[in-house]
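In this text the structure is predicted, and so the values were computed from the model without any measurement. Residue numbers start from 1 in every chain, and the chains themselves are labelled A, B, ... in the order their sequence lines are given, proteins ahead of strands.
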Number of protein chains: 2
Amino acid sequence: MPRLLVVEDEPAVRMGLRLSLSRAGHQVLEAATASEAWPLVEQADLVLLDWMLPDEPGVRLLERLRSDSRYETLPVLMLTARSGESDRVEGLTRGADDYLTKPFSTPELLARVQALLRRSGRSGRIERGALVLDLERHQAYLHNAPLDLTRREFDLLAFLARHPGRVYTREELLERVWGQEFMGTARTVDQHVAQLREKLQENSKNPLYLETLRGVGYRFRESA
Amino acid sequence: MPRLLVVEDEPAVRMGLRLSLSRAGHQVLEAATASEAWPLVEQADLVLLDWMLPDEPGVRLLERLRSDSRYETLPVLMLTARSGESDRVEGLTRGADDYLTKPFSTPELLARVQALLRRSGRSGRIERGALVLDLERHQAYLHNAPLDLTRREFDLLAFLARHPGRVYTREELLERVWGQEFMGTARTVDQHVAQLREKLQENSKNPLYLETLRGVGYRFRESA
DNA sequence: GTGGTGCTGTCAGGAAATTGTCAGCTTAGG
DNA sequence: CCTAAGCTGACAATTTCCTGACAGCACCAC
């Protein structure tokens, strides 16, 4: 399920967006300001960004995103109350992927969101070599054969596969995949990695996908 | 273990922060004033900075940090009792990375601290000539070829490479890389330096990266 | 120079830490 | 009540880490 980050200071507008988007099957993260938004960006598949924010202009945040290699390709949909052509041009030249002028209709919003997600390839499909993860269906495929993964297994694999090469400690994984409320041991992660490795038919000593970094954590192998 | 520097003059608030943060697995350094804080900054991975301090405004300290090349990228989380928008804007424009308005909840505090630490660790890429350290991937490269470093080796190298030219005694290195709880010999450092030198293919007599300062300690060679 | 002194480089074995794996317990859902 | 998933503790297999010993070198005094 794609995660959308709504950055909008007006509570009423934000709620409206949340309702429309979550009803359409998206997961919605919210921020009222640019500074609130920044830490959440990492988890987002698409950002809906208001032009005017209390702390800094939306375009400034947009610039920061574009200058960060991690977010270069993250789709950003600008929202604005103004309908002036100049803003539109400015937003797009600064790196916004699309543009929506308030007030806008819900179908139009959803259509553009869908289009952007599809375009960015984040619509819920991660492909890493012979491994394909369909996030919408919660279904993994290996060499085009469906894999029978449990929820945790799938979530863990999807999380790691989202950022190949990046190492995550067990604690980070517990927090991000299990959730902050999880109160168990870090070794739980190992167990699920082992389970995944078996289903992915890989050897822990010579892994195709899930690498162990002794003393650090796990990472999804970078193919290139 | 990340080290957080709490700069806050109210003893009660400071204690609260210390408890919350240390319980979350962070190491906490404390300062009641800006002048107390300054010498501790060097040891910190993140600074939690109160807006108002007895000797000088927090933003002034923030400015000093930002104008020092060593601390340009050090994450700073501003704390303030005021909820006024102007302060928020001022703090962020002057270089704070995030912002928290008192009173704040512990989960929110921890979440923001986590996010900042993650971010600062990720953006970290240290390049020193043919040697590249990718902190995000926990992977070192020499002439673009990946190096197989253990955790300690990588941590030690990363620490030294972070401040080229600066000498560290064995005791300092043990404290910063191994942690305060380490109770061993200082010679342990030598062993790891030797290990690193071998993997970096360098001669201890004519080192490219890791220099010995007899009677003092080690330092990463300044290329320029 | 020469010799002494202290510091550093190096080696190898044992200690310690980390991870893989297994089996069993608990829980949620049907 | 049954099944599957999730989690944990225990143990084994590795790997990493650390230490003590010794050799070698730099620096100093003479």
Quiz item: So what does A/R151 touch, heavy atoms closer than 4.0 Å: a base, only the sugar-phosphate, or nothing?
Solution: sugar-phosphate
Practice problem: Measure up the A/F159 and A/H163 rings against each other and bin them: parallel (under 30°), tilted (30 to 60°), perpendicular (over 60°). | Solution: perpendicular
Quiz item: Heavy atoms under 4.0 Å, any strand shown: does B/T188 hit a base, just sugar-phosphate, or nothing?
Solution: base
Practice problem: Using only side-chain N and O atoms of B/T150, determine if any of them is under 4.0 Å from OP1 or OP2 of D/dT16. | Solution: no
Practice problem: Indicate, with a heavy-atom threshold strictly under 4.0 Å, whether B/R214 touches base, sugar-phosphate, or nothing. | Solution: base
Self-check item: Among B/L4, B/V7, B/L77, the one residue meeting side chain to side chain contact (heavy atoms under 4.5 Å, CB included) with B/V47
Solution: B/V7
Quiz item: Which angle, to the nearest 10 degrees, lies between the helix axes at the two ends of the helix from C/dG1-D/dC30 to C/dG30-D/dC1, each defined by five pairs?
Solution: 40°
Practice problem: Report yes if a side-chain nitrogen or oxygen of A/T212 is closer than 4.0 Å to either non-bridging phosphate oxygen (OP1 or OP2) of C/dG20; otherwise report no. | Solution: yes
Exercise. Work out which heavy atom in A/E153 is nearest to a heavy atom in A/Q195; give both atom names and the distance.
Key: OE2-CG, 2.8 Å
Quiz prompt | Short side-chain donor-acceptor distance under 3.5 Å, B/Q139 and A/R219 | solution = yes
Quiz item: Would A/Y168 and A/Y218 satisfy ring-ring contact (aromatic ring centres under 6.0 Å, His included), going step by step from the backbone distance to the final call?
Solution: CA-CA 6 Å; A/Y168 295 92; A/Y218 294 101; over 10 Å; no
Quiz item: Mapping A/Y218 and B/R187 onto DNA chain C by nearest heavy atom, which one lands closer to the 5' end?
Solution: B/R187
Quiz item: Less than 3.5 Å between a donor and an acceptor, one on the side chain of B/Q195 and one on the base of C/dC11, is that the case here?
Solution: no
Practice problem: Determine the contact category for A/L213: base if any of its heavy atoms lies under 4.0 Å from a base atom, sugar-phosphate if only primed atoms, P, OP1 or OP2 are that close, otherwise nothing. | Solution: sugar-phosphate
